[in-house]
Amino acid sequence: MQFRVETRVAQPPDQVFPVFGDKAFVESLAPWFMGVKVLRIGLALGDEIEIRFTKLGPRGPWVSRIVAETNDATGITFVDRSIELPWPYATFEHHHGILVDGTGSLLVDEPTFTVRPAIIG
């Protein structure tokens with residue numbers, strides 16, 4: 001399964017990018033009924049992000065690694081790919097774009113994932 005979410009913000013990419021490395025910001029993105037606790041986070045190539053769901057949601061560790069990044073005139077992009085997932089997830093890859101949009105940014109989120117058993121996907 002894959003989906004795409006786009007959000008425009010007034011700040012340029014170089015000001016937006018650092019908030020993705022802020023634990024409190026990332027935790028605030030989860031729906032209130034799920035709750036997320038960020039145990040470690042990083043934005044550089046090779047950094048690992050580890051989260052746990054604190055309310056509803058999958059149980060167990062969710063660990064992703066930054067596997068790609070770009071920073072050029074079009075904006076900043078990075079990809080995190082999960083290396084440890086709780087059931088029912090089998091794979092999870094998340095493409096993040098913080099793209100130049102006039103004087104602000106267009107935030108593009110594109111997660112792609114599979115679940116197990118495949119029939120519930």
Side-chain angles (χ1 to χ4, degrees):
M1 175 176 269
Q2 180 179 19
F3 61 93
R4 179 183 174 108
V5 177
E6 295 184 358
T7 307
R8 285 187 166 71
V9 297
Q11 296 76 20
D14 63 332
Q15 290 179 12
V16 175
F17 177 68
V19 303
F20 285 89
D22 180 275
K23 287 182 179 184
F25 171 75
V26 173
E27 290 172 353
S28 76
L29 297 175
W32 66 269
F33 58 86
M34 293 180 84
V36 165
K37 178 72 177 159
V38 175
L39 302 176
R40 55 186 161 133
I41 195 164
L43 292 174
L45 192 62
D47 283 352
E48 292 185 357
I49 300 100
E50 183 176 0
I51 66 169
R52 294 285 192 284
F53 290 94
T54 60
K55 296 178 183 175
L56 294 178
R59 292 290 170 234
W62 186 306
V63 182
S64 294
R65 181 176 294 130
I66 305 294
V67 296
E69 60 181 12
T70 62
N71 187 342
D72 58 28
T74 64
I76 301 167
T77 64
F78 63 102
V79 177
D80 63 273
R81 182 177 301 138
S82 292
I83 55 177
E84 187 174 352
L85 289 166
W87 186 89
Y89 293 96
T91 64
F92 194 95
E93 186 169 285
H94 193 170
H95 292 247
H96 304 264
I98 308 165
L99 309 177
V100 174
D101 184 40
T103 59
S105 299
L106 175 65
L107 308 182
V108 178
D109 286 297
E110 292 181 289
T112 303
F113 61 92
T114 59
V115 294
R116 53 186 178 250
I119 194 161
I120 66 173

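Because the structure is predicted, anything quoted here is derived from the model rather than measured.
Between Lys55 and Met34 the shortest side-chain heavy-atom distance does not fall below 4.5 Å. Inter-residue side-chain proximity for Trp87 and Pro117 is flagged as met; some heavy-atom pair is nearer than 4.5 Å. With contacts defined as side-chain heavy-atom distances shorter than 4.5 Å, the pair Ile49/Arg40 does not qualify. Inter-residue side-chain proximity for Phe53 and Arg59 is flagged as met; some heavy-atom pair is nearer than 4.5 Å. With contacts defined as side-chain heavy-atom distances shorter than 4.5 Å, the pair Glu93/Val79 qualifies. His96 has its side chain within reach of Asp109: a pair of non-hydrogen atoms, C-beta onward, lies under 4.5 Å apart. Under the 4.5 Å side-chain criterion, counting only non-hydrogen atoms from C-beta, Pro13 is in contact with Val100. Counting heavy atoms from C-beta on, the side chains of Phe92 and Pro111 come closer than 4.5 Å.
Remark: the His95 side chain and the Asp80 side chain contain no N/O donor-acceptor pair separated by less than 3.5 Å. For the residue pair Thr74 / Asp72, a side-chain donor-acceptor distance below 3.5 Å is found, with atom types taken as modelled.
In this structure, Pro86 and Pro61 approach most closely via the heavy-atom pair CD-O, 3.2 Å. Between Lys23 and Leu39, the shortest heavy-atom distance links the atoms NZ-O, 3.5 Å. Closest of all the heavy-atom pairs between Leu85 and Arg116 is O-NH2, 3.7 Å.
Between atom CZ of residue Phe78 and atom NE2 of residue His94 there is a gap of 7.5 Å, rounded to the nearest 0.5 Å. Separation of atoms CG (Leu107) and CG (Leu99) is listed at 8.0 Å; rounding is to 0.5 Å. Atoms OG and CD, from Ser105 and Gln11 in turn, are 7.5 Å apart once rounded to the nearest 0.5 Å. Rounded to the nearest 0.5 Å, atoms OG1 (Thr7) and CD1 (Ile98) are 11.5 Å apart. Distance check, rounded to the nearest 0.5 Å: CD1 of Ile51 to CH2 of Trp62 gives 6.0 Å. Ile76 CD1 to Asp14 CG: the interatomic distance, rounded to the nearest 0.5 Å, is 6.5 Å.
Transitive grouping of hydrophobic side chains (ILVMFWY, heavy atoms separated by less than 4.5 Å) brings Val26 and Val9 into a common cluster. Val16 and Leu106 end up in different hydrophobic clusters when Ile, Leu, Val, Met, Phe, Trp and Tyr side chains are linked at under 4.5 Å. Grouping the Ile, Leu, Val, Met, Phe, Trp and Tyr side chains by contacts below 4.5 angstrom, directly or via other members, places Ile41 with Ile66. If you chain together hydrophobic residues whose side chains sit under 4.5 Å apart, Val5 and Val108 never meet in one group. At a threshold of 4.5 Å between side-chain heavy atoms, the hydrophobic network of Ile, Leu, Val, Met, Phe, Trp and Tyr places Leu43 and Val19 in one connected group.
Although no hydrogens or angles enter the test, the distance criterion places no donor-acceptor pair under 3.5 Å between the side chain of Arg8 and the main chain of Gly104.
Counting non-hydrogen atoms of other residues, nucleotides and ligands closer than 6.0 Å to NZ of Lys37 gives a total of 12 or fewer.
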